Structure formats: structure tokens, C-alpha cells
Amino acid sequence: MPELPEAETIVRGLRPAIVGLTIAQAEVLKPDILRESKRSFGPKVRGRTIESVDRRAKNVLIRLDGERRIAINLGMTGKLLPFPRPPRGSGRPTHPAVRFRFTDGSILVFDDTRRFGTVECLSDEEWQVREARFGPEPLDPKYAPAALYEALAQSRSPVRSWLLDQRKIAGVGNIYAAEALFLSGIHPLREARAVTPAEATRLHQAIRDVLSDAIDEGGTTIRDYRNAIGGEGGYARLLFVYGRDGEACRRCGSDIERVVLSNRSAFFCPLCQPSPA
DNA sequence: AGTGTATCCTGCAGGC
DNA sequence: TGCCTGCAGGATACAC
């Protein structure tokens, strides 16, 4: 999916386009995207005005008047495309799942090829229950290296798996986990609790660097990801390891390797990230 | 607690 | 050209 930087890029693009608009109608073209029936979802959003657009972890939150919000998980291929009229090129929806029509005639489409995404309308209370399950936001200034170290020290899972667990740290996905581990010189199979305080400090910095650099680049486009105007992110050209198995490490020239861990690919440089065994 | 496996889907690349 | 397999920025449920 879109990970934290892609969700953040989408939010920044969406905010000026839709804040203040009032929803006239929600058309649900792919009901399996909702976690409730069309008949209950429609009335909850109809007539509501958008107050703000925010992000938590990898989720886009569209806050409405009446103490409720639309929570969107983009899944692997979800896109949010706002437009006054049907756009051309890559910004055009190909697999529209939910179409919001506003009273001023503009439209917001949630488009999702694989339909792993979800769209929900939650009350403040429902959202708070959900929100409490996410770990800290890595870019929160209050998130300290010691907090990362102490949390890692409690887990026996491989550090790459640990980083993908949204309850431990919010918003990190497979691309940025791979990049952050490379930058901090930690092998993806290292046991989380075996990470030293010095390594945890490097990892903490690497996570922040990778995520904020990726936000600056507008995210990473490998295949599907597009921002709110259908554009691609520029971080792909800065990747050190993700998707580069068999290619030369940009630091030492070794062949980048790929292993499967918890059914997901993990990429690393065997020299820059020494094996735990 | 943590891992492997399967599941939800569609599309694309590569091998034959 | 077609058919097959494997792979994909996510998340969750299950058995072990």
C-alpha cells in the first residue's frame, strides 16, 4: 500500500480540494469496500460537511460535522481522486469503489484495483477505540529513541516483522522498513530484543529520515501508487534495497538479497547488514 | 508470543 | 498468442 508517506501526500493534496465541501450523496459501487451495509453508510455521510482531512498511521481521516469521520485504509492499491470533472491520464479512476458527490458538483472517488482497502464512517467514540490500537507516530516529536529501544526489547520477533506491526509503530510498511533497516545497518532477521541501544538510536533516526525524505518526494511509486492528483512519487529512485535484489548495493557493491519473512519479501545488503547468526 | 499459512482481489511480468 | 506461476506499498484469522 501506500505507507505513511503516501498517505500523508494524499492528505496534503486532498485537504485544500475538499475541506468545506458538503456531501450530497455517496455512491457505493463496490460494497465489499465498506464494513457495513450501503444502507447504513449513506445516511451517515449525506448532508455532512468536511471539517478537516488528517492522517493516522496509513489511514486517511475525513472529519465531518456531527462528531464522525470517514476513515479510509488505502490497502495495497487504494487511491483518492478528487476532481471537478473527469480527469485524463493516470489520474482517471479505473476501479471506482466509492464515489462521493458534493453539493457544488465536484466529486471524490475512492478507486481501488485490488479492493483490499476499506471505507468506514465512524463516530468519535468508535474511532477512539480504533485509534488506541495504533502504536506511536514515528514523526511525532515526542517519540524518543528510548521508547523505540524499550519496545523492541520486549519482543522476540524479527525486527522487520516488528516494524510492520502497526500496534508497535504506526505507518511503517514493507518499503520503508527495508530502507530504515539498511540505513541503520540492521539485518531484517535480527531478533527485536537483540537490537542494542546504539542500534535502536540509529534505527529511530533512520525511520524518521526515510519517512520524511519520502514525504518530501511525494512518496514512492512502484506500480500503482498515485497522489491525489494522479501523480507519481519520486522516492523510488532513492531506494537502497527495496525491490533491488540481485542488484549492486549502492554503498558497498554487494548483491542485494531477498528473503521471505512472514510471507513478505525482505531485502537487505549482506555486507552492510550483517547476518544475526 | 510468534510464525507460517491462507484469505480477501486484480493485474502484470516472465517462462514455456 | 495463450497458459501458467509468482509476485505486489496491507491486514486479519487460523492452527500450531
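Lettering of chains follows the sequences in order, A, B, ..., and the numbering in each one begins at 1. A quick note: this is a predicted structure, and the numbers were derived from the prediction, not measured.
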In 5'-to-3' order, the base (B), backbone-only (S) or no-contact (-) status of each nucleotide in nucleotides 7-14 of chain B, using a 4.0 angstrom heavy-atom cut-off, is -BBBS---
Under 4.0 angstrom, heavy atoms only, what part of the nucleic acid is A/Arg258 near: base, sugar-phosphate, or nothing?
sugar-phosphate
Identify, with sequence neighbours excluded, every residue that meets side chain to side chain donor-acceptor pair (under 3.5 Å) alongside A/Ser52.
A/Asp54
Distance between the P atoms of C/dC7 and B/dT5, in whole angstroms?
13 Å
Could you identify which residues cluster with A/Val129, counting Ile, Leu, Val, Met, Phe, Trp and Tyr as linked when any side-chain heavy atoms lie under 4.5 Å apart, either directly or through a chain of such contacts?
none
Any base atoms under 4.0 Å from A/Asp112, or only sugar-phosphate, or nothing? Heavy atoms, all strands.
nothing
Output yes when at least one side-chain N/O atom of A/Ser155 is less than 4.0 Å from OP1 or OP2 of B/dA1, else no.
no
Identify, between A/Gln166 and A/Ser265, the residue whose nearest nucleotide on DNA chain C lies closer to the 5' end.
A/Ser265
Got a salt bridge between A/Arg12 and A/Glu8, using NZ or NE/NH1/NH2 to carboxylate O under 4.0 Å?
yes
When the P atoms of C/dT5 and B/dA6 are considered, how many whole Å apart are they?
15 Å
A/Arg156 meets the salt bridge (charged side-chain N to carboxylate O under 4.0 Å, His left out) criterion, sequence neighbours left out, with none
For the residue pair A/Tyr149 and A/His204, is the inter-centroid distance of their aromatic rings smaller than 6.0 Å?
no
With sequence neighbours excluded, give me every ring pair (Phe, Tyr, Trp, His ring centres under 6.0 Å) pair touching residues 28-51 of chain A.
none
Hydrophobic cluster (4.5 angstrom, side-chain heavy atoms) - remaining members for A/Leu61
A/Leu122, A/Trp127, A/Phe134
Residues forming a salt bridge (charged side-chain N to carboxylate O under 4.0 Å, His left out) with A/Asp124, sequence neighbours excluded:
A/Arg69
Considering only the P atoms, how many Å lie between B/dG4 and C/dA8, rounded to the nearest integer?
15 Å
When the P atoms of C/dT1 and B/dT10 are considered, how many whole Å apart are they?
24 Å
For A/Leu164, the other hydrophobic cluster members (4.5 Å side-chain criterion, sorted by chain and number) are none
Is there a side-chain contact between A/Leu238 and A/Tyr235, using heavy atoms and a 4.5 Å cut-off?
yes
Let's see if you get this right: which residues in residues 241-251 of chain A place a heavy atom under 4.0 Å from DNA chain C?
A/Tyr242
Look at the aromatic rings of A/Phe182 and A/Phe240 and report parallel, tilted or perpendicular, splitting at 30° and 60°.
parallel
Any residue in residues 127-136 of chain A with a heavy atom nearer than 4.0 angstrom to DNA chain B? Just list them by number, or reply none.
none
What dot-bracket string describes DNA chain B from 5' to 3', counting Watson-Crick and G-U wobble pairs whose defining distances are under 3.5 Å, with [ ] for crossing pairs and | for pairs to another strand?
.|||||||.|||||||
Is the number of heavy atoms from other residues, nucleotides or ligands within 6.0 Å of CD (A/Glu67) greater than 12?
no
Sequence-distant partners of A/Arg48, salt bridge (charged side-chain N to carboxylate O under 4.0 Å, His left out), two or more places apart:
A/Asp65
